[in-house]
*Asks:* 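One structure is given below, represented as structure tokens, and several questions about it will come after.
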Amino acid sequence: MKNKVYAGYINLRPINGVIFPSYSQNQINKNFIEQNLKGKFFLSTNENMYSENDIVLNSLIKEKNNLNGVVMLSAFSLPQKFSRRKEIFKNLLKNKKNLHFVFEEFKFKEKKDMNQIEEYLMFTENLFTKKKSSIAKQENKFFSDKNWMFV
């Protein structure tokens, strides 16, 4: 049986307030791929921490290559905006690649996996962490219940 090939993904944004150095992320990704996934470690690539476009992650997913998937430390390494995460999930499905999260020990392999990831990330969103006195139009569409009132 041929070993599957996975690329590591390094993002230097904080994960729950902690910035993991790239050399640590690289070693964690490599160990996870070889020991847990029994796969072949391709390489880890760094995302530009100032980028708003997740160019490196998207290129790993969209490019025609021999990768079966991507490994990152945490789901918190995904983009903060839901629209960008949704685009990543769509491209993973289209290109038949998996996305593994080392710390959470879960993966994105099929469409239903998106719910688990989004539920996990939900309480980090500004909607739940900042004081609000009103709901924006977009938020109202998903989170409004006519029986509730803001005090």
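These numbers come from the heavy atoms of this one structure, side chains and all, not from hydrogens, waters or symmetry mates.
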*Asks:* Find out whether F108 and N98 are in side-chain contact, i.e. whether some heavy atom of one side chain is under 4.5 Å from a heavy atom of the other.
*Replies:* no
*Asks:* Could you pull out the closest heavy-atom pair between N11 and S77, with the gap in Å?
*Replies:* ND2-O, 3.5 Å
*Asks:* Output the distance between atom OH (Y120) and atom CD (E104), rounded to the nearest 0.5 Å.
*Replies:* 3.5 Å
*Asks:* Any non-hydrogen side-chain atom of L57 less than 4.5 Å from a side-chain atom of M72?
*Replies:*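 The answer is yes; the side chains approach within 4.5 Å.
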*Asks:* Just verifying a value: how many Å separate I88 CD1 and L60 CG, rounded to the nearest 0.5 Å?
*Replies:*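 Answer rounded to 0.5 Å: 10.5 Å.
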*Asks:* State, yes or no, whether a side-chain contact exists between I33 and K40 at a heavy-atom distance under 4.5 Å.
*Replies:* no
*Asks:* Distance check, rounded to the nearest 0.5 Å: I10 atom CD1 versus L73 atom CG?
*Replies:* 8.0 Å
*Asks:* Using a 4.5 Å cut-off on heavy atoms from C-beta on, say whether the side chain of L99 contacts that of L78.
*Replies:*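 Yes - at least one pair of side-chain heavy atoms lies under 4.5 Å apart.
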*Asks:* Set out, in order, the CA-CA distance, both residues' side-chain angles and the distance that settles side chain to side chain contact (heavy atoms under 4.5 Å, CB included) for R85 and E118, then state yes or no.
*Replies:* CA-CA 9 Å; R85 290 193 305 271; E118 289 304 313; 2.7 Å; yes
*Asks:* NE2 of H100 to NZ of K97: how many Å apart, nearest 0.5 Å?
*Replies:*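 Separation between the atoms: 12.5 Å.
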*Asks:* Would you name the heavy atoms of S74 and F103 that are closest together and state the gap between them?
*Replies:* CB-CD1, 4.0 Å
*Asks:* For the residue pair F42 and V71, establish whether any side-chain heavy-atom pair is separated by less than 4.5 Å.
*Replies:* no
*Asks:* Can you hop from Y23 to I15 via hydrophobic side chains spaced under 4.5 Å?
*Replies:*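 No.
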*Asks:* Of all the heavy-atom pairs spanning F76 and R13, show the shortest one and how long it is.
*Replies:*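 Smallest interatomic distance, heavy atoms only, reads O-NH2, 4.4 Å.
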*Asks:* May I ask you to test the Y6-N68 pair for a side-chain heavy-atom distance under 4.5 Å?
*Replies:* yes
*Asks:* N115 and E119: side-chain donor and acceptor closer than 3.5 Å?
*Replies:*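 On atom types as modelled, these side chains do not qualify, holding no pair under 3.5 Å.
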*Asks:* Is there a side-chain contact between L12 and S22, using heavy atoms and a 4.5 Å cut-off?
*Replies:*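 The answer is yes; the side chains approach within 4.5 Å.
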*Asks:* Tell me, please, which residues at least two apart from K30 pass salt bridge (Lys or Arg N to Asp or Glu O under 4.0 Å).
*Replies:* E34
*Asks:* With rounding to the nearest 0.5 angstrom, report the CG to CD distance, L93 to E110.
*Replies:* 8.5 Å
*Asks:* Go through F41 and N3 one step at a time and tell me if the side chain to side chain contact (heavy atoms under 4.5 Å, CB included) criterion holds.
*Replies:* CA-CA 10 Å; F41 177 66; N3 281 357; over 6 Å; no
*Asks:* In plain terms, say whether R84 and E87 are close enough for a salt bridge, that is, a side-chain N and a carboxylate O under 4.0 Å apart.
*Replies:*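 The answer is no: the pair does not qualify as a salt bridge.
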*Asks:* Quick check on the 6.0 Å ring-centre criterion: do Y9 and F101 meet it?
*Replies:*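 Here the rings of F101 and Y9 have centres that are no less than 6.0 Å from each other.
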*Asks:* To the nearest 0.5 Å, what is the distance between CG on N95 and CG on N58?
*Replies:* 10.0 Å
